Amino acid sequence: MLLRSIILFCGLSMDSCIEIMEKGATLKKVGWKENILYPLIFALINIILLLVGYFIVDILTGILAISAVYIIAIVILMCEGVYFLKKGTVKRDFIERLDKNFNYQTCIKKAFLTSIDNFLAGISLGLIGVNINLVIFIIFLLHFGIYALAIKIGYVYGARWQRCLAIIEGVCLIVYAIFKLVGLGLW
Amino acid sequence: MVNRKSVMRINLCESLRETMLKKPFEKITIKNICDEAGVIRATFYNHFDDKYDCLNAIVEMDMMDDFNENHDIDVNHIFKAIAENKAFYRIAYQVEGSISFKDMMIDNIALIIKEIFEQKRNNYLKNEFSDLFLARYYATLIELYVHEWIFSNDNLNFDRLKLLLSSSFFDFLK
């Protein structure tokens with residue numbers, strides 16, 4: 001379970017990874033500050049939204065039947081997986097253009113936008129009843145490490161492999177959703 | 001020429017020019033340009049916002065340098081660099097995207113014409129048409145002519161261009 005969760009969250013980090021890599025390619029300078037603070041913001045917001053999703057389950061289960069919430073969470077994850085898979089197969093041109101206006105505020109906004117899947121994954125994990133305390137710190141470190149690497153890769157090599165990363169995320173989410181459906185006996 | 005423009009800026013422009021002869025423009029990354037120039041990304045961003053900006057600087061450099069030196073209406077000077085880099089311009093004309101190469105050409109030719117008008121324009125239709133409007137009008141015409149010439153094997157015939165510029169629409173009607 002622990003390994004599966006780690007693999008899932010590696011997959012979930014990919015959209016933020018794409019975003020931060022593209023950002024790295026548009027920054028004039030990526031010093032230690034950018035290399036630590038931007039990944040830290042992304043990793044922290046990822047974890048916060050994951051925890052919000054995880055703990056919101058208690059509220060949702062009070063309103064809806066547990067199985068209904070569970071299925072909704074799986075369907076949303078599945079849809080998101082398909083979305084990323086589709087995104088990975090469509091050719092998209094990214095132009096490396098100097099971003100003079102990038103600051104912490106924009107960074108936080110982008111981190112929130114790319115953390116919605118973490119929120120949904122948090123809901124699913126909450127419903128399944130996985131003890132998240134065991135993995136939360138590992139997930140945070142993993143995300144932080146991946147993003148720190150991504151911003152450096154983006155700066156040095158430019159934004160590349162976006163399609164590949166989107167496919168990885170899509171596959172991870174779909175496989176995870178299928179696992180849950182199998183667990184429910186609906187597959 | 002070199003004194004007025006930064007050596008690094010020219011170096012980056014030449015790197016893009018070289019890279020475009022080897023690789024399609026849409027596949028060129030900032031890293032490719034930087035590798036060719038032997039600089040880091042920060043240096044590129046110190047001079048240009050993106051590769052389109054750099055490409056525009058090449059056109060500007062090719063056209064303006066001779067013009068600024070001679071400050072002459074003689075289009076021979078303006079298009080000398082284009083004639084010397086015809087192969088590059090054939091490739092560059094394929095560039096589309098946020099700003100097409102055609103637009104870059106028109107903008108840069110218009111800048112030169114506007115400068116000429118600011119210094120040498122008489123009062124003919126001065127209230128009817130602004131310098132900028134006329135500059136863009138003639139720039140579009142010249143760009144069309146230059147485009148035809150770039151994709152042909154002929155030498156640029158300035159007398160034909162002058163003939164075209166001096167003719168009005170009504171001259172072509174019966």
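Predicted model, so just to flag it, every value in this text is computed and none were measured. Here is how names work: the chains are called A, B, and so on, in the same order as the sequence lines, proteins then strands, and each is numbered from 1.
For NZ of B:K23, the number of neighbouring non-hydrogen atoms (other residues, nucleotides, ligands) closer than 6.0 Å is greater than 12. In this structure, B:R90 places its CZ atom where more than 12 heavy-atom neighbours from other residues, nucleotides or ligands lie under 6.0 Å away. The number of heavy-atom neighbours closer than 6.0 Å to NZ of B:K22, taken from other residues, nucleotides and ligands shown, is above 12. Counting non-hydrogen atoms of neighbouring residues, nucleotides and ligands closer than 6.0 angstrom, the OH atom of B:Y93 exceeds 12 such neighbours. The environment of OH in B:Y137 is sparse: at most 12 heavy-atom neighbours from other residues, nucleotides or ligands sit within 6.0 Å.
Looking at B:Y52, only its side chain comes within 4.5 Å of chain A, counting heavy atoms on both sides. Of the two parts of B:D35, neither the backbone nor the side chain holds a non-hydrogen atom closer than 4.5 Å to a non-hydrogen atom of chain A.
Under a hydrophobic-cluster definition in which Ile, Leu, Val, Met, Phe, Trp and Tyr are linked whenever side-chain heavy atoms come within less than 4.5 Å, directly or via other members, A:L85 and A:V90 are assigned to different clusters. Tracing side-chain contacts under 4.5 Å through hydrophobic residues (I, L, V, M, F, W, Y), one reaches A:Y147 starting from A:L141; they form part of the same cluster. Taking hydrophobic clusters as Ile, Leu, Val, Met, Phe, Trp and Tyr residues chained together by side-chain heavy-atom distances below 4.5 Å, B:I28 shares a cluster with B:F88. Under a hydrophobic-cluster definition in which Ile, Leu, Val, Met, Phe, Trp and Tyr are linked whenever side-chain heavy atoms come within less than 4.5 Å, directly or via other members, A:Y54 and A:F137 are assigned to the same cluster. In this structure, B:L55 is not a member of the same hydrophobic cluster as A:F94, with clusters built from ILVMFWY side-chain heavy atoms closer than 4.5 Å.
The shortest heavy-atom contact between A:T26 and B:Y45 is CA-OH, 3.5 Å.
Between B:D49 and A:K100 there is a salt bridge, since at least one side-chain N of the basic residue sits less than 4.0 Å from a carboxylate O of the acidic one. With salt bridges taken as basic N to acidic carboxylate O contacts below 4.0 Å, none links B:K31 and A:E96.
Rounding to the nearest 0.5 Å places NZ of A:K29 at 12.0 Å from CG of B:N46. For the atom pair CD1 of A:I95 and OG1 of B:T29, the computed distance is 13.0 Å after rounding to the nearest 0.5 Å.
The backbone N or O of A:K28 sits nowhere less than 3.5 Å from a side-chain atom of B:R41 that would complete a donor-acceptor pair.
By a heavy-atom distance cut of under 4.5 Å, A:G154, A:Y155, A:V156, A:Y157, A:G158, A:R160 are the residues of residues 149-169 of chain A near chain B, going up by number.
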